[in-house]
Amino acid sequence: MDTKIGALDACHPMSSDVGSIPTNGVVSTIQNPAIPMTSAESTLGRHLARRLVQIGATDVFSVPGDFNLTLLDHLIAEPGLNLIGCCNELNAGYAADGYARSRGVGACVVTFTVGGLSVLNAIAGAYSENLPVICMVGGPNSNDYGTNRILHHTIGLPDFSQEMRCFQTVTCYQAVVNTLEDAHEQIDTAISTALKESKPVYISVGCNLPAIPHPTFSREPVPFSLSLKMSNQMGLEAAVEAAVEFLNKAVKPVMVGGPKLRVAKAGEAFFELADACGYALAVMPSAKGLVPEHHPHFIGTYWGAVSTPFCAEIVESADAYLFAGPIFNDYSSVGYSLLLKKEKAIIVQPDRVVIANGPAFGCVLMKDFLKALAKRLKRNTTAYDNYHRIYVPEGHPLKCDPKEPLRVNVLFEHIQKMLSSDTAVIAETGDSWFNCQKLKLPEGCGYEFQMQYGSIGWSVGATLGYAQAASDKRVIACIGDGSFQVTAQDVSTMIRCGQNTIIFLINNGGYTIEVEIHDGPYNVIKNWNYTGLVDAIHNGEGKCWTAKVRYEEELIKAIETATNEKKDCLCFIEVIVHKDDTSKELLEWGSRVSAANSRPPNPQ
């Protein structure tokens, strides 16, 4: 098999240092940017490929179609860029999402409309999670714009803007490149906007344009710099002064990290503040993995009624709480049942601070605010001391008897033992949300899940993309059978790329999370022979190992094999459990979300 860099099958990732974006916000440079190129090189396709390499998207996930084939030729020809063919557009988008979570930016390429509208769901998920994804689409021939011609891959109207209009609400910038004169500007504006806004962008490139030389591409792309966002200094000082006054008079303040710590690039500043102030430190469920759990004052996940033990009691009894980058939706608030009061809260968003439901300060960057606050707050360990006094270590699930059907809590006890700084966990939408939340992450262990959008099936593509970007980690994916049936095909791409992910397929016969919200016969699915399916996908090509486990002793043996003899293989372990075997947190959460969903209309 041809494994040259840039070949379609050359899926092995480059070093994560290639094209990475420095923390000062300036896009990495390339050597000798002013070198003239031959006319054969001075093309739109090569320019776009070079830009992707520059920003660190050195793997691009694609599905070919007649409108994007010439563009794909140019991506393949670019040294340092791997084109990874996916089984469908939805998974290509999910893969770009997972890649962006590790590398900071992701990219995918699909064809016009039939591909674009298929990838749309994944791009919407990336938008909700504040991930910069460059979504490229091969568009119609530039000569067809403005005519009354009806093209294939459309809904039969001569209006080619339908796809772009669909992308308008789930991307922060849309570029329709159907002329070479402004192609350079449109492409560069789109990519820089994605990086600045940390949101996906849409770039449509006419199918006849990628290979045509143009003077604007006659030199190596000059690296562009992203202008740094800066806080309003007076606003920053006023916000810090007000926050210091509010927090220093509190008796038992706490701090809670939220998911927007990622987009604000404020994780390090949040950690510094926790060190300085001594407050009890918790994390919202959607921010797990963004806050270091090895911190001495870490008290767990704050998720209302389904928080980790003793965490909610400390947070909700505090007389002041600082939330950094929170998202309070119906899922994270457990059906709007959090016992929090606005007058006790400081809400810090990426560029705004609101104190005690009162004064608000705009144009104040979270990172600047947290760093300044760390220098001014009095140290106060009261809340953590209270937690330490009431905390009772968790017990262990009862060990299964020989040949006793495996229980989910026993499964996750064994997954816990697998975690290290060399692993990363991907949790699929469903009961894995709740079971994975209880995992204690060692320092350096990655963790990702999609809570805001919650699209079942996300994890298969995201695992592909994350593993491709983070080649230094072994990914452990926990996926329910219902979710897996949505996107199973791209296990094929994982094998093709030589990834050594461990997938735990939890087979409980249906959509368990939906059963606990509202049960019905539609939540029962057709059972598959999942290991047989993956063996068929493997088909003797690449490295793949499967196991089906029903008992704890079989699970122990499978994990031993996956982590030793088969450590270089994709390992797929189907875990068969009872259909009603769920976490207690899902039972509680499901009943509360069900109550929120079933509220009657307000009187008119």
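With no hydrogens or angles considered, no side-chain donor-acceptor pair links Asp73 and Thr70 at under 3.5 Å. Using modelled atom types, one finds no donor on one side chain facing an acceptor on the other under 3.5 Å when comparing Lys260 with Asn130. No donor-acceptor contact under 3.5 angstrom links the side chains of Gln162 and Arg165, judged on distance only. Looking at Gln489 and Ser492, their side chains never bring a donor and an acceptor atom within 3.5 Å of each other. Inspection of the Thr531 and Asn529 side chains reveals an N or O donor paired with an N or O acceptor under 3.5 Å. No donor-acceptor contact under 3.5 angstrom links the side chains of Thr111 and Asn68, judged on distance only. In this model, no donor atom of one side chain and acceptor atom of the other lie less than 3.5 Å apart for Asp481 and Gln485. Checked by atom type, the side-chain pair Tyr466/Asp97 shows no donor-acceptor distance below 3.5 Å. Asp535 and Thr546 share a donor-acceptor pair across their side chains, judged by distance under 3.5 Å alone. Side chain to side chain, Asn121 and Ser455 meet the donor-acceptor criterion of an N or O pair below 3.5 Å.
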Practice prompt. Please assess Leu75 against Leu52 for the test side chain to side chain contact (heavy atoms under 4.5 Å, CB included), listing each intermediate value before the final yes or no.
Written response: CA-CA 9 Å; Leu75 297 182; Leu52 294 174; 4.2 Å; yes
Fill in: Asp188 and Arg51: CA distance, side-chain angles, deciding distance, salt bridge (charged side-chain N to carboxylate O under 4.0 Å, His left out) verdict
CA-CA 8 Å; Asp188 283 6; Arg51 280 294 190 224; 2.7 Å; yes
Discussion item. Test side chain to side chain contact (heavy atoms under 4.5 Å, CB included) on Leu441 and His294; report intermediate values, then the result.
Written reply: CA-CA 8 Å; Leu441 302 182; His294 62 278; over 6 Å; no
Worksheet item: Can you list the steps and then say if Asn527 with Ile525 is a side chain to side chain contact (heavy atoms under 4.5 Å, CB included)?
Response: CA-CA 6 Å; Asn527 190 37; Ile525 61 175; over 6 Å; no
Practice prompt. Would you please test Thr501 and Ile476 for side chain to side chain contact (heavy atoms under 4.5 Å, CB included) and show each step?
Written response: CA-CA 6 Å; Thr501 293; Ile476 299 171; over 6 Å; no
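The backbone N or O of Thr301 sits less than 3.5 Å from a side-chain atom of Thr308, completing a donor-acceptor pair. Remark: side-chain polar atoms of Glu197 are not paired, donor with acceptor, to backbone N or O of Cys172 under 3.5 angstrom. For the pair Lys199 (side chain) and Tyr127 (backbone), a donor-acceptor distance under 3.5 Å is present. No donor-acceptor distance shorter than 3.5 angstrom exists from the side chain of Gln450 to the backbone of Thr429, with no hydrogens or angles considered. Without hydrogens or angle criteria, Ser192 side chain to Thr189 main chain gives a donor-acceptor distance under 3.5 Å. With Lys288 contributing its side chain and Gln437 its backbone, the two residues share a donor-acceptor pair below 3.5 Å. Listed for the Thr43 side chain is no donor-acceptor partner under 3.5 Å among the backbone atoms of Ala211. Of the possible donor and acceptor atoms, none in the side chain of Asn500 sits under 3.5 Å from a partner among the backbone N and O of Leu570. At distances below 3.5 Å, not a single donor-acceptor pair connects side-chain atoms of Lys566 with backbone N or O atoms of Ala558. For Trp545 (side chain) and Lys567 (main-chain N/O), no donor-acceptor pair under 3.5 Å exists by modelled atom type.
Side-chain contact between Thr58 and Asn82 is absent, with no heavy atoms from C-beta onward closer than 4.5 Å. Counting heavy atoms from C-beta outward, Met451 and Met284 have side chains that stay 4.5 Å or more apart. Side-chain contact check for Ile506 versus Ser432: some heavy-atom pair is nearer than 4.5 Å. Val119 is not listed as a side-chain neighbour of Leu90, based on a closest heavy-atom distance of 4.5 Å or more. Residues Glu428 and Cys478 form no side-chain contact, since every pair of their non-hydrogen atoms from C-beta on lies 4.5 Å or further apart. You'll find the side chain of Ile576 stays beyond 4.5 Å of the side chain of Val549, heavy atoms only. Side-chain contact between Arg474 and Cys571: present, with at least one pair of heavy atoms (C-beta onward) separated by less than 4.5 Å. At a threshold of 4.5 Å between non-hydrogen side-chain atoms, the residues Met494 and Val460 count as touching.
For the atom pair Asn435 CG and Trp433 CH2, the distance stands at 13.0 Å (nearest 0.5 Å). Rounded to the nearest 0.5 Å, atoms CG (Leu81) and CD1 (Ile76) are 9.5 Å apart. Taking CZ of Arg50 as the start and CD of Glu78 as the end, the distance is 4.5 Å to the nearest 0.5 Å. If you take CD1 on Ile123 and CD on Glu89, they are separated by 11.5 Å, rounding to the nearest 0.5 Å. In this structure, CG on Leu209 lies 10.0 Å from CG on Leu71, to the nearest 0.5 angstrom. Distance check: Ser204 OG to Met164 CE gives 9.0 Å after rounding to the nearest 0.5 Å.
Salt-bridge check for Arg101 with Glu129: passed, with a basic side-chain N closer than 4.0 Å to an acidic carboxylate O.
The shortest non-hydrogen separation linking Lys473 to Thr423 is CD-O, 3.6 Å. Nearest approach of Ile84 to Cys497, heavy atoms of both residues: CG2-SG, 3.8 Å. Of all heavy-atom pairs between Asn507 and Glu574, the closest is ND2-OE2, 3.0 Å. Scanning all heavy atoms of the two residues, the minimum distance from Val133 to Cys108 falls at CG1-SG, 4.4 Å. When all heavy atoms of Val593 and Asp330 are compared, the pair lying nearest together is CG2-O, 4.4 Å. Across Trp303 and Tyr331, no two heavy atoms sit closer than the pair NE1-O, 3.0 Å.
Here the rule is salt bridge (charged side-chain N to carboxylate O under 4.0 Å, His left out) with Lys438, and of Glu413, Glu293, Glu585 only Glu585 fits it.
Aromatic ring orientation, Phe217 versus His47: tilted (interplanar angle from 30° to 60°). Ring geometry for Phe61 versus Tyr99: interplanar angle over 60°, hence perpendicular rather than tilted (30 to 60°).
You'll find the ring centres of Phe484 and Phe572 inside the 6.0 Å limit. The six-membered or imidazole ring of Tyr173 lies away from that of Tyr202, with a centre-to-centre distance of 6.0 Å or more. No close placement of the Tyr453 and Trp458 rings is indicated, their centers lying 6.0 Å or farther apart.
Summarising the local packing, CD of Glu185 is surrounded by 12 or fewer heavy atoms from other residues, nucleotides or ligands at distances under 6.0 Å. In the displayed structure, Glu268 atom CD is contacted under 6.0 Å by at most 12 heavy atoms of other residues, nucleotides or ligands.
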